[in-house]
Amino acid sequence: MEFPDSYFEDEVREGFYISSLMKRAWAAQMEVLEIFQGICHKHNIRYFAEWGTLLGAVRHGGRIPWDDDIDLCMLRADYDRFRSVADQELSNGCWFMDYRWSDDFDHPIGRIINSQVLVLEGEMLEKYHGFPYVAGLDIYCLDELPSDPEEEEEYFELVRYLYTLINEIRLDKEGVLQADPAELENHIQHAEKLCGITFDRGRPIKQQLYALLEKKVAPRYAGTGAGEVTNLALWRRNREYRFPRESYEEGVAVPYEDTEIVVPVGYGDLLRKKYGAGWMNPIRTGSAHEYPSYAEQQKFLEEESAGQLFEYRFSQKEMEETEMARLPKETLQAKIMGFLPLFHEAHEEVRSFIRKGAVDQVPGILGECQNVAIEIGTLIEEERGEGTDTVGVLEKYCETIFLLHQNVQEQPQDTDTDHSLEELLGELSVFEECLSGSAEKELKAREEIVFVPYKPSLWGAMESVWQAATADKDISVVVIPAPYYYKDHYGRVRSEEPHYETGYPENVAITSYEEYNFENHHPDKIVIQCPYDEYNYGMTIHPFFYARNLKKYTEKLVYIPPFVMDEIGPEDDRAKEMLKSFCNMPGVVHADTVVVQSEQMKEVYVELLTEFAGEDTRAIWEKKILGLGSPLYDMEYKEYWR
């Protein structure tokens, strides 16, 4: 499947933040889904979206933003047919897993996976869009229930007993059985009597129980004209988990992300039964597994890589070093005034050499003075534009230097030449006074703020702050879009040429990053909106615009997040988990001030950052993070950084 580079960028859908790594997980799962759908189409096998996949397809037209897996279901006959061809058809790199897969497979479902190991390099990593973990989908099998209530009661007790026995056979990490062996043996013998079979004690009993359920118990009422179907593993926990068989007689293809997926024709009744009458109302809490689904693999890789995994790691030392690397701010006025002693010294040398008759030394000094004056004028025009009084003083000075140089070249002197020299030498003193006065009056320090967006689509997250700063006559405002790169499946930048977007509103004056000298300007504040630096699976900002680098060139680095999301409550674990990929980032760590959308969001940031960096850092986050609102919805300007 083809996905544009932009697909793998972080985004907010329906108020929920989705990380770039989750986007890669979705893309990898979609690849497995496409393989699965191809097999079903080839062999005319029916399948249906199930659980969150069904709900997402119907309610969202694609993924539920906080869902992290793909669930499907099949009626028993279709499931058996699929399993019979799966091993052969999945020879292109995927595997079908169920209880037969291994002795420790402990799930009452079928599963298709794209790899048996972590996907870290080669064609597999490219095929599955840079997602480094095992990806796949789950298949729930639906079996028919008996129509007779008495038969159902007996059937229910049998199913419940067998699944309870399966759960009793638990091993610890060392492979030691946790149940009492004698008691367990009694239960096994009772199961043998109930089903009229004998288990092989030389083989894993759990896998034999799964086989018993699938081959003898589950199909017991197949083809009997039963009106309801269920997944037995779920039914034994909830007798009401049962659905009209007719709901699964036909399927209808509906949009799902950039493809389609089949949902049962009776999906409305099914969703009401599964999620209640309010199934159209999104709820983010609750999960049948750890979220995200790749969390355990991620933890394993982190441990095995000894901390070298491509993830940002907090370092107090890095924070301190970044702070120490800050360059001292020197105002334009201070720079100009710093040249005055040099001019004075050079002028005294010129007078001395002329009076001594050593005029051959004078042209070189005058040339240096003129070069310095031109350099100062250029510096002023870069920062303040053309037409300033100070530049006028410098231009007049250069004229004086030129005339003085001509007069010196006319030696030996006559009376008129001596008189002209004295007048010109006097002009040097006048110049020093004029430059000092002009710089004092005209080049008085003016606050300068640089805004660094990187995509026009995210400009709204700083626009109202920019508007207010622009309206303030005491603030000089510069907007410098940062170039950025998309990453390939290996985490490398796709092209040496960055993306540089300039499609901002017409009233926004854009300054190219190639034209602005951050070191010379040393703006009072730099406002950024990309928190990731290089630590994002989808993109990276240009290295110069990494937060730890920009901090060198400003008195205050301000970070305003480009997204607004739903407020995150104490029980919203999924939102918190995803937010780690947005919150625990260099832009937040290195910024002097972080402006988030609310006090409630500030609390979440502080909680996550403290967990990320250690309890001893809590005071840092409490101080720097301000819950003052986002420009995206709070258009009233607030002086966030004062």
Side-chain angles (χ1 to χ4, degrees), residues 1 3 5 7-10 18-36 63 67-72 86-87 90-107 109-139 171 173-175 287-313 486-494 532 534-540 574 577-578 580-581 584-585 612:
M1 301 181 73
F3 294 89
D5 288 332
Y7 178 82
F8 300 107
E9 290 186 86
D10 303 51
I18 307 166
S19 73
S20 56
L21 180 57
M22 180 60 76
K23 289 292 202 65
R24 293 198 180 277
W26 285 3
Q29 293 166 4
M30 295 294 286
E31 290 288 349
V32 179
L33 176 63
E34 185 177 53
I35 293 170
F36 168 81
R63 293 274 190 167
D67 198 13
D68 62 338
D69 60 0
I70 292 179
D71 294 321
L72 307 170
D87 290 342
L90 291 173
S91 59
N92 58 352
C94 291
W95 288 266
F96 178 79
M97 302 172 64
D98 63 4
Y99 69 90
R100 302 171 304 165
W101 175 260
S102 67
D103 293 345
D104 59 356
F105 186 86
D106 196 15
H107 306 281
I109 57 175
R111 178 169 289 166
I112 301 176
I113 59 173
N114 67 335
S115 176
Q116 300 182 57
V117 296
L118 298 179
V119 184
L120 299 178
E121 58 185 1
E123 293 182 4
M124 285 287 287
L125 191 64
E126 186 168 346
K127 176 178 175 60
Y128 292 103
H129 307 285
F131 183 62
Y133 308 113
V134 177
L137 50 84
D138 293 337
I139 306 173
L171 304 179
K173 292 183 179 180
E174 285 71 39
S287 175
H289 59 259
E290 185 177 11
Y291 181 89
S293 56
Y294 51 80
E296 189 174 337
Q297 299 177 69
Q298 191 173 34
K299 182 178 180 181
F300 171 79
L301 188 56
E302 288 174 355
E303 293 172 351
E304 291 299 307
S305 64
Q308 300 304 309
L309 186 65
F310 178 68
E311 297 286 344
Y312 179 59
R313 304 293 184 189
Y486 285 122
K487 291 183 177 180
D488 65 13
H489 308 310
Y490 302 95
R492 305 170 304 200
V493 297
R494 281 201 175 276
Y532 316 109
E534 71 267 48
Y535 295 100
N536 183 278
Y537 283 84
M539 56 79 66
T540 177
R574 293 192 176 200
E577 187 62 38
M578 279 295 98
K580 291 177 182 178
S581 298
N584 302 348
M585 284 288 153
F612 170 64

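Keep in mind that this is a model prediction, so the values were computed, not measured.
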Non-hydrogen side-chain atoms of [X] and [Y] separated by less than 4.5 Å:
X: E534; Y: Y312; result: no
X: M539; Y: F8; result: no
X: T540; Y: V493; result: yes
X: R24; Y: H489; result: yes
X: L21; Y: P132; result: yes

Distance check, rounded to the nearest 0.5 Å: [X] atom [atom1] versus [Y] atom [atom2]?
X: N114; Y: W95; atom1: CG; atom2: CH2; value: 8.0 Å
X: D68; Y: I18; atom1: CG; atom2: CD1; value: 11.5 Å
X: D10; Y: M578; atom1: CG; atom2: CE; value: 9.5 Å
X: F131; Y: W26; atom1: CZ; atom2: CH2; value: 12.5 Å
X: D69; Y: D138; atom1: CG; atom2: CG; value: 6.0 Å

Pair Y486-E9, side-chain donor/acceptor within less than 3.5 Å: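 Distance-only check passes for Y486 and E9.
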Looking at every non-hydrogen atom in both residues, tell me the closest pair between [X] and [Y] and how far apart they are.
X: D5; Y: R494; value: OD1-NE, 2.7 Å
X: W101; Y: F96; value: CE3-O, 3.5 Å
X: M124; Y: S115; value: CE-CB, 3.8 Å
X: A135; Y: A28; value: CB-CB, 3.7 Å
X: Q297; Y: V134; value: OE1-N, 2.7 Å
X: S20; Y: N536; value: OG-OD1, 3.3 Å

Salt bridge flag under 4.0 Å for residues R111 and D98: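 No salt bridge links R111 with D98.
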message: Between R63 and D67, does any NZ, NE, NH1 or NH2 come within less than 4.0 Å of an OD or OE carboxylate oxygen?
response: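 No salt bridge links D67 with R63.
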task: Verify the neighbour count for atom CD of E123: are there more than 12 heavy atoms of other residues, nucleotides or ligands below 6.0 Å?
output: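 At most 12 heavy atoms, drawn from other residues, nucleotides or ligands, come within 6.0 Å of this atom.
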- prompt: Restricting to pairs with a member in residues 25-36, which pass salt bridge (charged side-chain N to carboxylate O under 4.0 Å, His left out), not counting sequence neighbours?
  reply: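 Found none.
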message: Determine whether a donor-acceptor pair (N or O, by modelled atom type, separation under 3.5 Å) exists between the side chain of K487 and the backbone of R492.
response: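 Looks like no, no N/O pair under 3.5 Å.
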query: Any sub-3.5 Å donor-acceptor pair from Q29's side-chain atoms to L137's backbone N or O?
result: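 No; zero donor-acceptor contacts below 3.5 Å.
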query: Between Y133 and Y294, how do the two ring planes meet: parallel, tilted or perpendicular, split at 30° and 60°?
result: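 Ring orientation, 0 to 90° scale: parallel.
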- request: Using the six-membered ring wherever Trp is involved, compare the ring planes of H107 and F105 and label them parallel, tilted or perpendicular (cut-offs 30° and 60°).
  value: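 The arrangement is perpendicular - the two ring planes meet at more than 60°.
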message: Go through it in stages, so that I can follow the logic: the residues are E311 and Y537, the test is side-chain hydrogen bond (donor to acceptor under 3.5 Å, both in side chains), and I'd like the CA-CA distance, side-chain angles, deciding distance and then a yes or no.
response: CA-CA 9 Å; E311 297 286 344; Y537 283 84; 3.0 Å; yes
task: Go through the structure and list residues passing salt bridge (Lys or Arg N to Asp or Glu O under 4.0 Å) with D71, not counting sequence neighbours.
output: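 Salt bridge (Lys or Arg N to Asp or Glu O under 4.0 Å) check on D71 returns nothing, list empty.
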